[in-house]
Amino acid sequence: MTPLRHQVKRVSETNGLTIKQIVNMCECSRSHFYKVLDGQRAPSKNLQIKLMEVLEIGEEEFALLMQTSKASENKKSKSDIHKQKNTWFNITSNTFSSITLSSYAMWLLGFTCILACTYYLYASRSDNKQENIELTTGFATKFIKDVTIPDGSPIPINTRFVKTWRVQNIGTVPWKEKHLKRMTPQDPNLCFSRDSIPLPTVESGEIVDISIEFTTPKYPGTCRTDWKMVDNNGNLTFPDKQGLYSIVHVVEENL
């Protein structure tokens with residue numbers, strides 16, 4: 001366990017926070033969060049600030065934790081490579097000592113055939129995946145996933161957070177001069193945000209991430225906002241679809 005991961009675990013146990021809650025507070029994905037803790041990836045400036053707030057440490061102490069975590073990960077990687085080399089050496093030595101040259105040649109030929117067949121099957125499957133994409137005539141959309149702040153995430157009162165959705169244009173018509181409009185009225189008891197945001201041009205088959213910044217209200221509760229795509233005249237692009245939405249649980253700061 002790296003020093004940075006150990007520090008997060010200590011804060012989790014001391015403050016009664018789950019790792020999921022800490023990840024949500026840092027506003028990043030779980031995989032990215034753990035890669036930063038293990039020294040495999042450098043944190044963004046925003047993530048560094050969030051981590052320092054969670055761990056209640058200063059910039060110098062955080063830099064030291066990152067440095068030792070990265071050194072620990074490099075040492076682990078070198079150890080794994082050394083083990084792999086030793087294992088391969090032992091297998092190779094035992095193989096040569098137990099089989100004849102002709103049988104080794106047959107084994108090598110068979111292994112090469114297996115690799116070639118595997119590559120052919122993989123390449124064929126990849127090509128089919130691209131060729132079999134079928135677009136719906138006209139305007140069409142597909143929701144892929146919540147990139148940040150999954151539904152039901154706990155967010156403290158009076159806190160800014162960025163919600164990101166990932167969607168795909170599965171229609172034959174590009175999305176041009178479109179906006180994402182808030183359908184939920186502004187209310188002091190709900191999360192505050194802009195009323196609409198402009199969307200980039202999204203070509204047929206293209207995947208895009210859409211992000212909106214929210215601010216939670218000053219009282220705890222459940223906050224839901226709904227959003228739909230409109231054109232420059234305010235006409236709904238997908239009037240029959242539910243649209244995108246965000247649901248968070250607004251909690252007291254000391255929870």
Side-chain angles (χ1 to χ4, degrees), residues 12 15-30 32-33 44-47 49-54 56 139-171 175-202 207-255:
S12 172
N15 298 337
L17 294 171
T18 65
I19 297 299
K20 181 178 180 180
Q21 288 175 318
I22 294 178
V23 172
N24 290 334
M25 292 168 65
C26 292
E27 299 178 1
C28 67
S29 66
R30 183 182 288 265
H32 178 68
F33 182 78
S44 64
K45 188 64 178 178
N46 182 61
L47 178 55
I49 293 173
K50 296 291 184 182
L51 274 172
M52 288 192 298
E53 291 177 354
V54 171
E56 298 179 352
F139 285 102
T141 182
K142 175 184 177 182
F143 171 78
I144 297 179
K145 68 174 184 176
D146 292 317
V147 180
T148 63
I149 317 298
D151 291 334
S153 298
I155 307 292
I157 60 175
N158 295 322
T159 300
R160 291 183 180 182
F161 68 94
V162 176
K163 170 76 176 189
T164 302
W165 301 274
R166 181 164 296 168
V167 297
Q168 183 177 20
N169 180 1
I170 60 172
W175 300 343
K176 295 182 178 180
E177 297 181 349
K178 301 295 183 183
H179 293 72
L180 195 64
K181 180 179 180 181
R182 175 172 173 147
M183 309 305 293
T184 307
Q186 300 285 1
D187 187 284
N189 296 318
L190 296 178
C191 295
F192 174 79
S193 69
R194 297 172 58 181
D195 290 327
S196 68
I197 62 168
L199 297 178
T201 297
V202 183
I207 296 174
V208 63
D209 287 352
I210 303 174
S211 300
I212 297 178
E213 182 179 88
F214 293 91
T215 302
T216 55
K218 59 182 179 180
Y219 300 109
T222 299
C223 172
R224 170 171 177 153
T225 56
D226 290 83
W227 300 78
K228 285 194 173 185
M229 187 187 298
V230 299
D231 59 21
N232 286 337
N233 297 321
N235 299 315
L236 294 174
T237 306
F238 305 105
D240 299 328
K241 287 187 174 293
Q242 182 180 29
L244 300 175
Y245 59 86
S246 170
I247 302 175
V248 298
H249 295 310
V250 184
V251 298
E252 295 285 358
E253 291 182 348
N254 59 349
L255 293 182

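Here, residue 1 is the first one in the sequence, and each next residue gets the next number. All values below come from the heavy atoms of this structure, side chains included, with hydrogens, waters and symmetry mates left out.
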Walk me through whether Gln242 and Asp226 qualify under side chain to side chain donor-acceptor pair (under 3.5 Å). CA-CA 8 Å; Gln242 182 180 29; Asp226 290 83; 5.1 Å; no

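- Salt-bridge check for Arg182 with Asp195: failed, with every basic side-chain N at 4.0 Å or more from each acidic carboxylate O.
- Checking side-chain atoms of Thr164 against main-chain N and O of Thr148 turns up no donor-acceptor pair under 3.5 Å.
- When each of Leu199, Ile210, Ile144 is tested with Val167 by the rule side-chain contact (heavy atoms from CB on, under 4.5 Å), just one qualifies, namely Ile210.
- The ring pair (Phe, Tyr, Trp, His ring centres under 6.0 Å) test applied to Phe139 returns no partner, not counting sequence neighbours.
- Counting only distance, with no hydrogens or angles, the side chain of Thr215 and the backbone of Phe192 share no donor-acceptor pair below 3.5 Å.
- The minimum heavy-atom distance linking Arg224 with Thr184 is given by the pair O-CG2, 3.8 Å.
- Panel note: side chain Thr141, backbone Asn169; no donor-acceptor pair is recorded below 3.5 Å.
- What you find for Val208 and Pro200 is that their closest heavy atoms are CG2-CG, 4.1 Å.
- Remark: side-chain polar atoms of Lys228 are paired, donor with acceptor, to backbone N or O of Lys241 under 3.5 angstrom.
- The minimum heavy-atom distance linking Pro217 with Val250 is given by the pair CD-CG2, 3.9 Å.
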Donor-acceptor contacts, no H, no angles, side chain residues 230-237, under 3.5 Å, sequence neighbours left out:
{"residue": "Asp231", "atom": "OD1", "partner": "Asn233", "partner atom": "N", "Å": "2.9"}
{"residue": "Asp231", "atom": "OD1", "partner": "Gly234", "partner atom": "N", "Å": "3.0"}
{"residue": "Asp231", "atom": "OD1", "partner": "Asn235", "partner atom": "N", "Å": "2.8"}
{"residue": "Asp231", "atom": "OD2", "partner": "Asn235", "partner atom": "ND2", "Å": "3.3"}
{"residue": "Asn232", "atom": "ND2", "partner": "Glu177", "partner atom": "OE1", "Å": "3.2"}

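- In this structure, Thr225 and Cys191 approach most closely via the heavy-atom pair CG2-O, 4.2 Å.
- Salt bridge present: Lys163 and Asp146 bring a charged side-chain N and a carboxylate O closer than 4.0 Å.
- Nearest heavy-atom pair across Ile157 and Pro220 is CG2-N, 3.8 Å.
- In plain terms, the two heavy atoms of Lys50 and Met25 that are nearest each other are CD-O, 3.6 Å.
- The aromatic rings of Trp227 and Trp165 sit tilted, their planes meeting at an angle between 30° and 60°.
- Atom SG of Cys28 sits about 5.0 Å away from atom CG of Leu47, to the nearest 0.5 Å.
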